[in-house]
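The structure appears below as structure tokens.
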Amino acid sequence: MPLHTIDAARLTGRIRELGEIGRDAQGQLTRLAGSDNDKAGRDRLVAWIEAAGLDVAFDRIGNIFGIWRGESNADVEPIMLGSHIDTVINAGIYDGCYGVLAALEVIETLRERGVTPARPIVVAAFTNEEGVRYAPDMLGSLVHVGGLSVEAALSTVGTDGTVLGEELERIGYAGDAEPGFLKPHAYVELHIEQGPVLEREGFAIGAVENLQGISWQRITIDGVANHAGTTPMAMRCDAGLAAARIGLFLRDHITRSNAPSVATIGTMRFEPDAINVIPSRATFTVDLRDPDEDRLQGLEAALADFLLRVAAEEGVELSVERLARFQPVAFDLGIVATIEASAKARGLKSRRMTSGAGHDAQMIARIAPTAMIFVPSRDGISHNPREHTEADDLVAGANVLLDVVERIACSGWKGS
Ligand code: GLV
Ligand code: MN
Ligand code: MN
């Protein structure tokens, strides 16, 4: 099979262009799901998909699909490629966008080279992968696979009090198609690693064979507001102090257990939030992850025990709300091997690896053979404007995606 090559300038130019959409006056890039900035990013993506001559479809949860049906293959299950274009707050330009734009690039390259795949090829951009505004994360792909009803998803209330369904209507992306209307024959997601492994070890390509479990909770602690100057330390019911103890507990517990688990308190709000008032309330989120389901459950149980202890020792009340819970996922080893073979054929060093981040692929894996391709992230930095991947690495990853698609879509690959 001859090796085709994607248009490097077109891909990197689009990544940069999309990365300029949704910047504030300080230059910070934020395209939260369902926001005006998300709409602007979606509009640009749809314009590129249409200009490429693909059919565009939006489903009821706002997932965007660009479909290349080809000549004689419209009725068979498509190869689906994609990711997301919503971002975290003050984001980098590669997370998710790289996978979507590389998928479009692969389809355009195949068309331009006159390749006739045996199946339709689809680029997908799933709604609200990040979960920053609406929990859970990977919401659009979760709905696509039937893991959450479209009604429940549309009625999700965001951190700013908005309702996802109303926001999708407002920005014009509440589509007609029933979620899940496209069942993929296989799904491949290309993404930046967002961690340090590939760069540190000198690999160009990660063949991602699994993805760790994710547990999200929101914890509310109620104490008693009182005067910061007059209340002796032993007489306080300090919600802020209780929250701080929970953060330290998680760090120390994981360090002691020597496990690869990670724990993050990424949001924290105090009430009344005043310098000289003991906090009456602390509301914060806990993100726990581990590649092993038993260990993740053990970590959740250890946290639950510690919450009881903190409540008793600090004289506060605690309540816990679960925001997301996804078990670790194993990807399709046939596609993983195809990624390795494609990298090798291009002279690129690859290694198998586990994804620490959540991805739409972990949802699509419920309904189709799925795997992911990673490329290096400079200094392992992501969810940060310093997120960077060298152009050569972006192009290498997209070419591997192209080869994987050709191997799957143009050969007799029946799935594994
Ligand atoms: C998605 O970016 C996640 O892993 O939280
Ligand atoms: Mn992502
Ligand atoms: Mn992300």
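Only heavy atoms go into these numbers, but all of them, side chains included; no hydrogens, no water, no symmetry mates. Whatever order the structure lists them in is the order used to number ligands and atoms, beginning at 1.
Only the side chain of E130 comes within contact range of ligand 1, with a heavy atom under 4.0 Å; no backbone atom does. Contacts between H84 and ligand 1 below 4.0 angstrom, taking non-hydrogen atoms only, are absent altogether.
Checked against the Mn ion (ligand 3), the N, O or S atom of H383 at the shortest distance is NE2. Residue-level check: among N/O/S atoms of E130, OE2 sits closest to the Mn ion (ligand 3). If you look at D95 and ask which of its N, O or S atoms sits nearest the Mn ion (ligand 3), the answer is OD2.
Side-chain contact of T127 with R42: a donor-acceptor pair under 3.5 Å is present, judged by distance alone. There is a side-chain donor-acceptor pair under 3.5 Å between D360 and S141.
Annotation for ligand 1: atoms under 4.0 Å from non-hydrogen atoms of H383 are 2 (O). The atoms of ligand 1 that sit less than 4.0 Å from any heavy atom of E129 are 1 (C), 2 (O). Within ligand 1, counting atoms from 1 as listed, the ones closer than 4.0 Å to a heavy atom of A357 are 4 (O).
Atoms CE and CG, from M353 and L211 in turn, are 11.0 Å apart once rounded to the nearest 0.5 Å.
Considering backbone and side-chain N/O atoms, Q194 never comes within less than 3.5 Å of an N/O atom of ligand 1. Note: an N/O pair closer than 3.5 Å links R289 and ligand 1 by distance alone. Note: an N/O pair closer than 3.5 Å links G358 and ligand 1 by distance alone.
Salt bridge annotation for R10-E17: absent, with no cationic side-chain nitrogen under 4.0 angstrom from a carboxylate oxygen.
With a 4.5 Å cut-off on side-chain heavy atoms, F249 and V310 do not count as touching. Counting heavy atoms from C-beta on, the side chains of E300 and Q297 come closer than 4.5 Å.
Note on H191: counted as a metal contact of the Mn ion (ligand 2), an N/O/S atom lying under 2.8 Å. With 2.8 Å as the limit, E129 does not count as an N, O or S neighbour of the Mn ion (ligand 2).
Ring-centre distance between F65 and H144: below the 6.0 Å cut-off.
A salt bridge (charged side-chain N to carboxylate O under 4.0 Å, His left out) with E201 is found for one member of K349, R352, R351 and no other, namely R351. Exactly one residue among L198, I192, D95 makes a side chain to side chain contact (heavy atoms under 4.5 Å, CB included) with S377. That residue is I192.
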